[in-house]
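Residue numbers count from 1 along this sequence. Note that the coordinates shown come from a computational prediction; the quantities given were computed from them, not determined experimentally. For the numbers below, each heavy atom of this structure counts, side chains included, while hydrogens, waters and symmetry mates do not.
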Amino acid sequence: MFKYLARAAVIALLGCAGAASAQTLTFQFSGTVTYTQDETLAPVGSQITGTFSYDEDTPAGITLPGYAAYQLPTSLSATVNGYDITSDILNVDVFDNTGGNIEDMVSIVGTTVMVDDALYVDGSIGLSLASAAGNTQALSGTDLPTIYHLAAFDSQDVTYGVLRSSGAQDGALLEFEIDSITGGHEPICTNKKGKPKKCKKH
């Protein structure tokens, strides 16, 4: 009887260890304002800094070939020209090897935005990162990225940040060039024996 109880305890501990291995990744970004609707909010050339985070093991809500969509109970926040920007829910869309003008792409968007005390229910703040046609090296699948190599996202027209008051055509309050994204970690891959190995693109 003791042997079976001991085995059950070991299994329970291993289950806890597996659950504890999930890691919350935190990223920091910085950028330079390239467009503004209101100079008092942030003149062109202003610096914007921000952060977002997510559990790297969060399952996708939608999965299709080459695409996954995640809705996360975290947020994206930023500061620009003394204003604090906060959002409620984080949405991340990941496209891998689309074969079009855009090859790999990640959209990271915090929705329902407050800029200091001003609430924009339909507003958002987000980052868009994309690689140009033929560049399949920016992402290695549709899992949530564990690190962002900004230089790999070489489609300049689609790699940018934006703060919006709404989804309307004139809803952009400001746009910014993404200067850096730090944080997270390189993916760790293991063989069947649990030893580290080089990760393969999938």
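- Pairing each heavy atom of Gly161 with each of Ile178, the nearest pair is N-CG1, 3.9 Å.
- Glu103 and Thr136 form no side-chain donor-acceptor contact under 3.5 Å, judged by distance and modelled atom types alone.
- Of all heavy-atom pairs between Val162 and Ala172, the closest is CG2-CB, 4.2 Å.
- In this structure, the side chains of Val113 and Ile85 come closer than 4.5 Å at one or more pairs of heavy atoms.
- Checked by atom type and distance alone, the side chain of Gln37 pairs as donor or acceptor with a backbone atom of Asp170 at under 3.5 Å.
- Tyr70 and Val109 end up in different hydrophobic clusters when Ile, Leu, Val, Met, Phe, Trp and Tyr side chains are linked at under 4.5 Å.
- Side-chain heavy atoms closer than 4.5 Å link hydrophobic residues (I, L, V, M, F, W, Y) into clusters, and following such links, even through other members, never connects Phe95 to Tyr160.
- When the shell of 6.0 Å around CG of Asp179 is examined, it contains more than 12 heavy atoms from other residues, nucleotides or ligands.
- With no hydrogens or angles considered, no side-chain donor-acceptor pair links Ser75 and Ser87 at under 3.5 Å.
- A ring-centre distance under 6.0 Å is found for Phe27 and Tyr148.
- Proximity of a side-chain donor or acceptor of Ser155 to a complementary backbone N or O of Ile102 within less than 3.5 Å is not detected.
- Thr142 contributes no side-chain N or O that, together with a main-chain N or O of Tyr67, makes up a donor-acceptor pair within less than 3.5 Å.
- Here the closest non-hydrogen pair linking Met114 and Asp116 is CE-O, 3.5 Å.
- Atom CD of Gln156 has 12 or fewer heavy atoms from other residues, nucleotides or ligands within 6.0 Å.
- Between the side chain of Thr146 and the main chain of His185, a donor-acceptor pair closer than 3.5 Å is present.
- Checked by atom type and distance alone, the side chain of Asp154 never pairs as donor or acceptor with a backbone atom of Ser131 at under 3.5 Å.
- For the residue pair Ser46 and Val80, the shortest heavy atom distance occurs at CB-CG2, 4.2 Å.
- None of Leu144, Leu90, Thr74 except one satisfies the side chain to side chain contact (heavy atoms under 4.5 Å, CB included) rule with Thr58; the exception is Leu144.
- A distance of 9.5 Å separates CD1 in Ile89 from CG in Leu72, rounded to the nearest 0.5 Å.
- Two different hydrophobic clusters hold Val94 and Ile62 under the rule that ILVMFWY side chains link at heavy-atom gaps under 4.5 Å.
- One distance of note links CG of Leu139 with NE2 of His149; it measures 10.5 Å at 0.5 Å rounding.
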### Task
Dump the intermediate steps for side chain to side chain contact (heavy atoms under 4.5 Å, CB included) on Asp38 and Leu173, then the final yes or no.
CA-CA 7 Å; Asp38 183 354; Leu173 296 176; over 6 Å; no

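- Rounding to the nearest 0.5 angstrom, the gap separating the CZ atom in Phe176 from the CZ atom in Phe29 is 5.0 Å.
- Interatomic distance, Ile181 CD1 to Phe52 CZ, rounded to the nearest 0.5 Å: 5.5 Å.
- The backbone N or O of Asp104 sits nowhere less than 3.5 Å from a side-chain atom of Asp96 that would complete a donor-acceptor pair.
- Under a 3.5 Å cut-off, the side chain of Ser166 and the backbone N or O of Gly171 do not form any donor-acceptor pair.
- Both Tyr83 and Leu163 are assigned to one and the same hydrophobic cluster, defined by single-linkage of ILVMFWY side chains at heavy-atom distances under 4.5 Å.
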### Met105 vs Thr98, side chain to side chain contact (heavy atoms under 4.5 Å, CB included): CA-CA, chis, key distance, verdict
CA-CA 9 Å; Met105 181 175 173; Thr98 64; over 6 Å; no

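- Within the 3.5 Å criterion, the main-chain N or O of Leu41 finds a donor-acceptor partner in the side chain of Asn81.
- For Val158 against Ser128, the heavy-atom pair with the smallest separation is O-OG, 2.6 Å.
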### Task
Tell me, with the steps shown, if Ile108 and Leu129 meet side chain to side chain contact (heavy atoms under 4.5 Å, CB included).
CA-CA 9 Å; Ile108 307 154; Leu129 302 103; 3.9 Å; yes

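- The structure places CD1 of Ile125 at 4.5 Å from CD1 of Ile48, a figure rounded to the nearest 0.5 Å.
- Exactly one residue among Thr34, Thr32, Thr36 makes a side chain to side chain contact (heavy atoms under 4.5 Å, CB included) with Val44. That residue is Thr36.
- Here OG1 of Thr51 is found 7.5 Å from CG of Leu76. Values are rounded to the nearest 0.5 Å.
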